[in-house]
Every structure is written in structure tokens, then in C-alpha cells.
Amino acid sequence: MNEKIHALRFSATNSYLIECENGKLLFDTGWAGTFPALCASFGKLKIPVQSISCILISHFHPDHMGAAQELADAGPVILVPDVQLPYIHASDAVFAKEGNRDFVPVDDEKIRTFPIDEGRKVLKEYGIDGRILHTPGHSDDSISLWLDEGSLFVGDLNPLYELEAHRGTQIADTWDRLLELGPKTVYYGHAAKTVIEPVTDASEKNGQSDGNDASEGCCASEGNGKPEHNEELCRLVTQVMRCTDKGFDIKKICRKTGAEPEFIEDVMRMYLTHRGIGVQGILDRIEIKNR
Ligand SMILES: [Fe+2]
């Protein structure tokens, strides 16, 4: 068990490269058009794209699978557990609608599919000790990657700090199952990782974000470059949502809106991980996060 985890940020989505002796697994890609940035990001690690063994997609929303086939054409195979099979083309219409010429649909003939319960066996071929778990909540095709050493990759499953707000829903049921595994670190598609401290007494904490968390992106605080008036804030959130729909990355949204990167990151994550959420819902959740 010697997996090495690289967190990559070449698009608006966090991707994770899990490196081990027998191979390299990439968990999630970015929007279609991010392939050059993906290659540059691997270049910084001195890892040739061709050396990637396989790709696992947390769920087939456009910001997680957009560059998958383009990357797969360079060598790695896309692993598709059976529970995801009906969804692999779910984003094709999104890219068609925006006229995205960079998008390459998943080639059904080249994927590797398997019953999700056989995930451990498949991962082992690449030297990874872990499991692939069906974790619906954000979407029906959501899966999570579990490494036996305690790392958990959940894609867009709502972050742990929101867990209590989702009690009684599929999201909380999924989290309850995941927490039984005893994760040490949780890696998200759009948030900073959560390091879970061992429970030492009855006052159990579900998790504590690490120092890299974008918690300073609180929209309500003063002196941090964020607007203080709600109307202005709402307008800014709307702008960020529109830019996100266009697949812009944080840097570009910064240039267009003048907002702080941490704030944009928060809005994007809330927007991308909560289906049908509105401006006020995003602001409410940012407030919950920063309590
Ligand atoms: Fe999503």
C-alpha cells in the first residue's frame, strides 16, 4: 500500500492522480477543452500523459468527464462500474448545445466496465488497495473511490460540513455508509480536502477542514474585498453562475467579475454540487460553511 496522491487543479474541478507501483489512476477530469491544461499539469509533475493507466469518473457531469475521452485517446482506459453505464453520455447534449468543438464523447467500445463489487479486484491490477462505492446523492451515477489507507474521493457529494443540513436525505444516508469506513482524508471535486481527526470523546466531530480550505471566502465578512451589500453580492453570485455555465475557470471568472478567487471557488462549488440551487441557496450554504 504505497499510493501517492497528487491533487491537480487544471480546471474548475479538482482532479486527483493516484500513483502507485503498477500504474496511475486519474480520478475525474475537467470540462471539455481542458486537455492542454491537464497535460501541462502532468508535465509539472514530470509524468507523461501516456503513463496514466486508467481514468475513473466520479459522475458523468460535464465538469468531471469533459476531457476524459481526449485523455483516453492518449492511452489510459476509462473504468466504468456498471452503475454508471446508463449515464456515460449524459453530458453529450450539454457540449453539443454550447458548440464545444473540443469535446470527444466517450467511446463505448473502448471503456472497461465491470460490476462495481469487483472494483477491488480491478484496482488491484493497478496496485491500488481500495474499493469503488456507489454513492448516490449528488447524482444517481455518483461513485466514490476508497483507498484502504484512509483516503476517500467523493466527487460532488455534498461536503461533510453540510451533513446535518441533509439529514433524512440520500446524501446523509450515503455519508453514513462512508463514515463507517473510517476515512482519514476526504477529497472533493470542488472543495478543499477535509482531514478527519480521530474521535477522542463523545463530542464527536464529523470533520475539520485543513488549512487550505477556502473558508476565508465568506461573503459576509468585512475587510476581505467582498461586497457588503446583499444586492451586490447576489449580482456577483449570478455572474459567477453564468460564467460557470460557460465552463470558465476561476482565473477567467476573476478577470470578468473582479471577485476574489476564494469566493468564486465557493460559489462554483455550491452551484455545481447542488442541483437546481438558486442565488440565495448558494449564499445560505456559504454561510453554513463559514460558521
Ligand atoms: Fe456534478
Side-chain angles (χ1 to χ4, degrees), residues 7-16 26-34 38 55-69 71 78-81 83-98 100 103 105-106 132-145 152-163 165-166 169-175 178 186-194 214 237 240-250 253 264-279 281-282 285-286 289:
L8 306 175
R9 194 65 191 263
F10 52 83
S11 72
T13 303
N14 296 326
S15 297
Y16 299 98
L26 182 70
F27 188 80
D28 277 344
T29 74
W31 198 272
T34 58
L38 179 154
I55 306 162
L56 192 60
I57 306 290
S58 64
H59 62 300
F60 283 78
H61 283 178
D63 53 327
H64 293 257
M65 60 73 65
Q69 187 58 48
L71 173 60
I78 303 176
L79 301 178
V80 182
V83 296
Q84 293 187 309
L85 267 181
Y87 304 90
I88 58 177
H89 292 292
S91 292
D92 292 12
V94 177
F95 291 119
K97 195 176 165 193
E98 70 162 24
N100 192 318
F103 178 62
V106 171
I132 301 170
L133 302 148
H134 188 206
T135 49
H138 170 70
S139 66
D140 290 342
D141 63 329
S142 288
I143 55 104
S144 295
L145 172 65
L152 179 64
F153 302 82
V154 298
D156 279 358
L157 184 63
N158 306 66
L160 266 174
Y161 54 76
E162 287 181 15
L163 177 56
H166 294 287
T169 70
Q170 194 175 41
I171 294 165
D173 294 346
T174 289
W175 263 123
L178 290 175
V186 182
Y187 296 89
Y188 301 102
H190 301 284
K193 69 184 179 187
T194 295
V237 171
V240 174
M241 288 161 76
R242 284 187 187 141
C243 290
T244 305
D245 282 337
K246 291 176 184 166
F248 294 172
D249 62 15
I250 291 178
I253 300 176
I264 293 170
E265 190 173 14
D266 274 353
V267 174
M268 287 176 86
R269 186 175 55 72
M270 299 297 173
Y271 182 47
L272 291 167
T273 58
H274 297 74
R275 194 184 304 161
I277 197 169
V279 173
I282 289 174
R285 280 170 176 79
I286 288 177
K289 179 192 168 196

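Values reported hereafter were calculated over all heavy atoms of this structure, with side chains retained and with hydrogens, waters and symmetry mates removed. Quick caveat: nothing in here was measured; it's all calculated off a predicted structure. Just follow the structure's listing: the first ligand is 1, and inside any ligand the first atom is 1. Starting from 1, each residue takes its place in the sequence as its number.
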Task: Between Thr13 and Asp28: side-chain donor-acceptor atoms closer than 3.5 Å - done: no
TODO: Would you kindly say whether His61 and Asp141 are connected by a side-chain donor-acceptor distance under 3.5 Å?
DONE: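 Distance-only check fails for His61 and Asp141.
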Task: Qualifying residues under salt bridge (Lys or Arg N to Asp or Glu O under 4.0 Å), relative to Arg9, sequence neighbours excluded - done: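 Here the qualifying residues are Glu265.
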Open item on the list: For Phe248, give me all partners under ring pair (Phe, Tyr, Trp, His ring centres under 6.0 Å), at least two apart in sequence or on another chain.
Closed with: none
TODO: Spell out the protein N/O/S atoms under 2.8 Å from the Fe ion (ligand 1) as residue plus atom name.
DONE: His59 NE2, His61 ND1, His138 NE2, Asp156 OD2
- [ ] State which residues pass side chain to side chain donor-acceptor pair (under 3.5 Å) with Asn100; sequence neighbours excluded, sorted by chain then number.
- [x]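 Partners of Asn100 under the side chain to side chain donor-acceptor pair (under 3.5 Å) test: Glu98.
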- [ ] Could you check Val154, Asp156, Ile171, Thr174 and say which one makes a side chain to side chain contact (heavy atoms under 4.5 Å, CB included) with His138?
- [x] Asp156
